[in-house]
Peer 1: 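My questions will all concern the structure given below.
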There are 2 protein chains.
Amino acid sequence: MTRAQQKERTRRAIIDAAFAQLSPDKGFSSLSLREVAREAGIAPTSFYRHFADMDELGLTLVDEAGLMLRQLLRQARHRIEKNGSVIRTSIETFMEFVVGNSNVFRLLLRERSGTSAPFRRAVAREIQHFCAELADYLRKETACPDEFAQVQAEAMVTLVFHAGADALDASPDLRLQITHKTITQLRWLAHGAAGYARRPKE
Amino acid sequence: MTRAQQKERTRRAIIDAAFAQLSPDKGFSSLSLREVAREAGIAPTSFYRHFADMDELGLTLVDEAGLMLRQLLRQARHRIEKNGSVIRTSIETFMEFVVGNSNVFRLLLRERSGTSAPFRRAVAREIQHFCAELADYLRKETACPDEFAQVQAEAMVTLVFHAGADALDASPDLRLQITHKTITQLRWLAHGAAGYARRPKE
DNA sequence: AAAATTAGCTTACAGATGTAAGCCAAATGT
DNA sequence: ACATTTGGCTTACATCTGTAAGCTAATTTT
């Protein structure tokens, strides 16, 4: 089966080439089939042997990014077990991910509000998975009332993602400030969610 | 001075054409000079009589969008005076803006994490103004401790912007759900910020 | 061993794009 | 009244894009 292996190989080459070409100045939509093919070391038309479209490639990238996101959450849980401070550890783990895989994070960030509805849906799906797992965790491991967990998780993710986005353009020490600020915000949120009963009629 | 008037006129035509061509499926970066010129009713090269670049046009659009944002905040304040419910009124006002000027909001949303650093900076500046004005308001009119106002304002804006982004792709009744959820989140946040003293050493 | 499949290549084409060069006519300045 | 400025036009060019058509050689199937 050298045949299938080779195919998988250049498929990966294409995917890697695409990720590599993403940058602060270049989003997926301004990536051209020819450029990707060039970087992957194949002829432009050979691209079609693997993907029907640039869009198909893009959705594959989003899938991979979502996978990394979920691995990240598990990694954070491990760290919390040995460390204690839930919020601080979570944010620091996330920040490391953002800085270390900025292309991946940027892809999610941009395509979440990008021009392609299928892309937006794909990213939304991945983030929603992420939120759901986080909500589970909150229900099991914190004082958060069960029925508030999902809403709280979504707010947390919103704030942390935004912090990550800011961190992308920030210097390392500004990044620390951002981290600190975000910790404060999440603590307020957790405190509010734990102690504030929603008034049902207003 | 029919001369200057005419110039201002076609300048506006260009700006309006650009705004008009923005859509769910078309962001500013995928706007072409020729298309804009065509819609504005001028020859492609005449564009340069008004803007050096597409980038210059884009920054102008962002400026105008920021202006609308600040007007929005004042409008919300007026409504609050006659209505009472601060959080609910603010969010509802914002949602109306998002739905009624989706192209404008989308511009800010996308360019905030777009591929042009100058654009990102311009949007960040506008949003920061917005946050600062909101923080002022919080200090004057709510129970929020002065030194927390800025951080709380930023969290509120982050959550509300995110809600707006979700609302763009949502059906009207889903939009109501989003509004409701966001109100809850902001209340938690306000409650937390009012009652939770930051522990200084952890 | 012969036949079929297929990943990859080369060549080719029909758009679209940004923008340079230069003309024109009307408004403005003197 | 004459000279200048200038907003807009037309034409032209080089570049990049996606992708269709068809060949080749090697693997896989029969």
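Labels below follow one simple rule: chain letters A, B, ... track the order of the sequence lines, proteins then strands, and each chain is numbered from 1. All values below were derived from every heavy atom in this structure, side-chain atoms included, with hydrogens, water molecules and symmetry-related copies excluded. Remember, predicted model here, so these are calculated numbers, not experimental data.
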Peer 1: Base of D:dT6, side chain of B:R49 - is there a donor-acceptor contact under 3.5 Å?
Peer 2: no
Peer 1: Is A:R12 salt-bridged to A:E64, cutoff N-O under 4.0 Å?
Peer 2: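 Between A:E64 and A:R12 there is a salt bridge, with a charged N closer than 4.0 Å to a carboxylate O.
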Peer 1: For A:R70, I'd like to know if atom CZ has over 12 heavy atoms of other residues, nucleotides or ligands within 6.0 Å.
Peer 2: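 Buried by this count: over 12 neighbours within 6.0 Å.
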Peer 1: Is the shortest side-chain N to carboxylate O distance from A:D63 to A:R125 below 4.0 Å?
Peer 2: yes
Peer 1: Restricting to ring pair (Phe, Tyr, Trp, His ring centres under 6.0 Å), what partner residues turn up for A:F47, sequence neighbours left out?
Peer 2: A:F51
Peer 1: For D:dG8, does OP1 or OP2 lie under 4.0 Å from any side-chain N or O of B:T10?
Peer 2: yes
Peer 1: How close or far is atom P of D:dT19 from atom CD of A:E56, stated in whole angstroms?
Peer 2: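 Going from CD in A:E56 over to P in D:dT19 covers 12 Å.
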Peer 1: Rounding to an integer number of Å, can you tell me how far B:L31 CG sits from C:dG18 C1'?
Peer 2: 14 Å
Peer 1: Rounded to whole Å, please give me the gap between CZ in A:R34 and P in C:dC13.
Peer 2: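 One finds 14 Å between P of C:dC13 and CZ of A:R34, rounded.
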Peer 1: Whole angstroms only, please: what is the CG-P distance between A:D53 and D:dT19?
Peer 2: 7 Å
Peer 1: What is the distance, rounded to the nearest whole Å, between atom CE of A:M54 and atom P of D:dC16?
Peer 2: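 Those two atoms, CE and P, are 17 Å apart.
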Peer 1: If you compare every side-chain N and O of B:R3 against the phosphate oxygens of C:dA25 (OP1, OP2), does one of them come in below 4.0 Å?
Peer 2: no
Peer 1: Round to the nearest Å and state the distance from A:H50 atom NE2 to C:dC9 atom C1'.
Peer 2: 13 Å
Peer 1: Between residues 39-48 of chain A and DNA chain C, which residues have a heavy-atom gap below 4.0 Å?
Peer 2: A:G41, A:I42, A:A43, A:T45, A:S46
Peer 1: Give the rounded distance in Å between these two atoms: CD of A:Q21 and P of D:dT17.
Peer 2: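 It is 10 Å, rounded to the nearest whole Å.
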Peer 1: Output every pair passing salt bridge (Lys or Arg N to Asp or Glu O under 4.0 Å) with a member in residues 166-178 of chain B, not counting sequence neighbours, ordered by first then second residue.
Peer 2: A:R120-B:D169
Peer 1: Assign the ring pair B:F94 / B:F161 to parallel, tilted or perpendicular, where the plane angle (0 to 90°) is split at 30° and 60°.
Peer 2: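 B:F94 and B:F161: tilted rings.
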Peer 1: Going from CG on B:L168 to CE on B:M95, what distance comes out if it is rounded to the nearest 0.5 angstrom?
Peer 2: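 Between B:L168 CG and B:M95 CE, I get 9.0 Å after rounding to 0.5 Å.
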Peer 1: Atom CD of B:Q5 and atom P of D:dG7: how far apart are they, to the nearest Å?
Peer 2: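 Rounding to the nearest Å, CD of B:Q5 and P of D:dG7 are 14 Å apart.
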